[in-house]
Amino acid sequence: VSATDPIGNPGQDPRAQLGRLLEEDPADLYENAPMGYLSTLPDGRIVKVNRTFCAWTGRPAGELIGTRFQDLLSVGGRVFHETHLAPLLRMQGAVREIALDVVRIDGSLLPCLVNAVEVRDEGGAPLLVRATLFDATARRRYERELLAAQRAAQESEERSRAVQNVVSDLAAATSVEGVATVIVERSRLALHAAGAALVLVEESATGEADAVPGLRPVRAEGLPDALLKALRVAAGGQLALELAQGVRALPLDERMRSRQPAVAAAMDEAGLTGLVTVPVSADGRRLGALILVFRPSTNGGLISLDEPGTPAVTAPADIDLLWTLGRQAGQALERARLHEETARQAERAAFLLEAARLLAGAADVSETVERLAELAVERLADLCVIDLVTEEGLTRPAARHRDPQLQHLADELRERHLTARRESHPSVQALREGRTQWLRRVPPDLLDSIAADERHAEAAKGMDLASIVAVPLIADGRRLGVVTICADRQRGAFTEADVEVAEQLGLQVALVVAKAQRYELDVRTSHTLQANLLPPNPPALAGLSTAVRYLAATYGVEVGGDFYDVVQLPDGQVAFAVGDVVGHDITAAATMGQLHSVYRALLVDRPAPSAMIDRLQASWSLLGLQRMATALFATLDPATGQLRIASAGHLQPLLITAGQAEFLPVTPSRMLGAPQSPAPAHEWAGVLPAGSTLVLYTDGLVESRSADIDEGLAHLLAAASAAGTSDPDELCDRLLSELTGAHRADDIALLALTRPA
Amino acid sequence: VATVLERNCVGVTGVPDARPIVFVHGFGCDQAMWRFVAPDFEVDHRVVLLDLVGAGNSDLSAYDPEKYSSLRGYAADIVEICRELELSDVVLVGHSVSAMIGVLAWQQAPELFGALVMVGPNPRYIDDGDYVGGFSRSDIAGLLDALDANHLGWSTQMAPVIMGNPEHPELAEELTNSFCRTDPDIARQFARVTFLSDNRADLPGVTIPTLVLQCSADAIAPEVVGRFVHESIPGSRFTLLAATGHVPHLSAPEETTAAIRAFLTG
């Protein structure tokens, strides 16, 4: 036996000592046992309780006796007691390991594990319930932690899945719109939000960093317009600040009602109770925000456990998820923008190519600018307006909108607001200053300030115009007009690349317009000149009926040097001529005028037709006429029908007698102004029978692009034979209608004389 | 494929041609709750006992979270069972949440039922403005936590033993707390459906003879709630029992039986 007994009291008999200790006082064992003891009546009223339980709960025995055990429990525990513990005791007479929380006198909870047995009488009726309670604080904490960890793992898995889905969907999105759709739909689902929207920060109109940034909703689902609008206003200048604060969950509470009454009202209206803003950023740049709105959870028809006014998203894991979504969205937006810019670059290149092709084949200025405007709104812009400076002042031959639904607004701009535009209007400025005007961002108040009137501003706003480039058309130092392209909010601001394209286009258009304007001026001048030089109607001639026709070319810009002349000489003879100066331009027309004057002057001496040709040839170099010409000169004595004709390289005249047509065999000599040759001009002399008609014409009547001249002459012969009239006016009309179409490549001069029968 | 009767572990006893009385247990345990009351009715009624899907020995594989996310899913099962057994003029005795399930079952097939006994009903547990249900939101959250802490010996290893041996109920008997054992996920969802439903609006339309059986000092269905149910159902009868607690059919079976009989014999 050692000096020390098992319980460490030296010097005593250990067996006796242990024996005494085990003869415990049962009362002491009950009262101070390392567990709580309770006895209750079947209805739960405590009839006996040990000191341990009293100490644990801080409640004196006197207070506990008579109290129902279930009334000492937390609410959850009380319900569990009623629904599980009490029934189980009745049914199986005992329960084991029921977890319950006992409320201590200070209100704190004592987690317990309860074992209980029901004491019954012989008939099985309950007499008493005996219960033992173990302090399970540590064990329950451990269980809770396990459970929490399990739930967290589950939620974390759900979140990773949500992020994975977003990432894979975003990878497939190639447009800003596509990215917005993914992020709005996915985040709404993942957070069980009532609605979501992606709003992007717009660069400021001025490009200044500290200016108030605008917000543009790219996509919104389940978010009322009124709320979006209120948020836009509320965000105002504080947006940068708001975004810097990270994910913010805002309940619809008194604070919001007093600070943001408009937002609160819009939320109330839609039955929403919470709002979360998530910054969307890439590489530290803030691109915009994801907005989620929440309404009280319907909980599948069940009552929500959330107290009214609880912020919808508070769990750190949810906040983390939103952060991640915001960053993913930011990166995807950057990618999409790059992708869109590349696509736009390709569009620009294609546009310039098409425009160049169009301009190369340009015929008519107004048609060309109209088609250019059409092309511009297919590829480059939403609205394209082209103004041209003309003799009548500024005109607007083209105003096109991409959307046919909005073309009427473009038409309105075209028709109503051209003349009344203000000096501040970018296209007016571009024209005045001769420099491109680029309004990267056009805030609505700026639209007001540049609009001619309210309706003008309304039309511009109706098209949601957000960016404007106006390029002046300048060629040879002259300002010819302005090309103005506009983008709407959807398309976004024009970039430098867009401006460059517009300027290249402006250059091309300017050259084409300048060339076309010059050309058109020439044409108009020639025709005017020609018309002024030719007598509109031949004079009334005694003993002859005559008719003349002069038809200008209808297309191309060709102008002829054709002429005709009929004059009665003092001796009663009639001199007449038809001619055609080489070339189709203003020089040809001028030459024709000179030739006509010289011819008249020479008539004073009444030379014979062949002598007329010889004199003209002889003095050609003196006259300084720049072009050669063909001509027929003739004299006719109306009384006798004596006719003399000479030809300088001209087509043979046509004689119609009694419905029979023939070409008079007038031998042509060289053309007027052609190199010298010794031979004098021939002259045909004969009689124009009474009732016969002589027809003189220029090659425009018998030449066409599709048939050669012999075919034309045969056609003329047939038509003249079939005409069946001797009235020169009627004859002219029939020949023209038979031989010419609506389109003529060349001028036609036609002269018919009939010697009455 | 389990039949409707297997699904709900339906037991039929008593007099075959007598008036059927169907007992439906509430939140917590299973049909064993009726063990002290049912035998009394077996002498002159056709007695039908059942376990709600998810409880007792019901077929757990029939538990469809979608269907049972509303009390109407449970009510549909009661209707199905009555039709399967070709019952009519049924006395439907529902305890606790099943008192409301009974109202919904009657709504779905009024032709099947002749009388409704609501034992400790509570159409909405959470207080709402002037309405007193007896609980706040945080109380119910605490209750759900208490459930999480009590899986009553449930473990996935035990489940096959219980479910796979319906012919050896003694196996189940040996297990601790067997009458109230439930798959924790099902228990949690049933608790949510029980304590978060609001069926007040269904009460005024009840036109069948109805008895509201109210215990004294019932922490789950306070007397004020029982009176609310009684006042909401036109022509209903209200009986306040001396029994305390929430389960008078266990704590005071004689008083409970007498009250039901008094109601049925009118």
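Every chain is numbered from 1 and lettered A, B, ... according to where its sequence line falls, protein lines coming before strand lines. Please read these numbers as outputs of a predicted model, since none were measured by experiment.
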Just checking [X]: does its [atom1] atom have more than 12 heavy atoms from other residues, nucleotides or ligands closer to it than 6.0 angstrom?
X	atom1	value
A:Arg255	CZ	no
A:Phe134	CZ	yes
A:Tyr142	OH	no
A:Arg45	CZ	no
A:Glu63	CD	yes
B:Lys67	NZ	yes
A:Arg130	CZ	no

Side chain / backbone / both / neither for [X] at chain A, heavy atoms under 4.5 Å:
X	result
B:Leu250	both
B:Thr244	side chain
B:Leu71	neither
B:Asp139	both
B:Phe36	side chain
B:Ala217	both
B:Ala32	both

Can you tell me how far the [atom1] atom of [X] sits from the [atom2] atom of [Y], to the nearest 0.5 Å?
X	Y	atom1	atom2	value
B:Leu143	A:Thr83	CG	OG1	7.0 Å
A:Asp43	B:Ser216	CG	OG	11.0 Å
B:Ser251	A:Leu89	OG	CG	12.5 Å
B:Ile220	A:Phe80	CD1	CZ	11.0 Å
B:Phe27	A:His84	CZ	NE2	5.0 Å

Pairs of heavy atoms under 4.5 Å with chain B: top-ranked of A:Gly77, A:Gly44, A:Ala86, A:Ala99: A:Ala99

Best-contacting candidate, A:His81, A:Arg151, A:Gln70, against chain B by heavy atom pairs under 4.5 angstrom: A:Arg151

Contacting region of A:Pro87 [heavy-atom separation from chain B under 4.5 Å]: both

Region of A:Arg90 that comes under 4.5 Å of a non-hydrogen atom in chain B: both

Heavy-atom pair of closest approach, residues A:Arg68 and B:Gly245: NH1-N, 4.4 Å

Where A:Met91 and B:Met33 come nearest, the two heavy atoms and their spacing: SD-N, 3.6 Å

Which of B:Gly142, B:Cys29, B:Ala243, B:Ala219 touches chain A most, by non-hydrogen pairs under 4.5 Å: B:Cys29

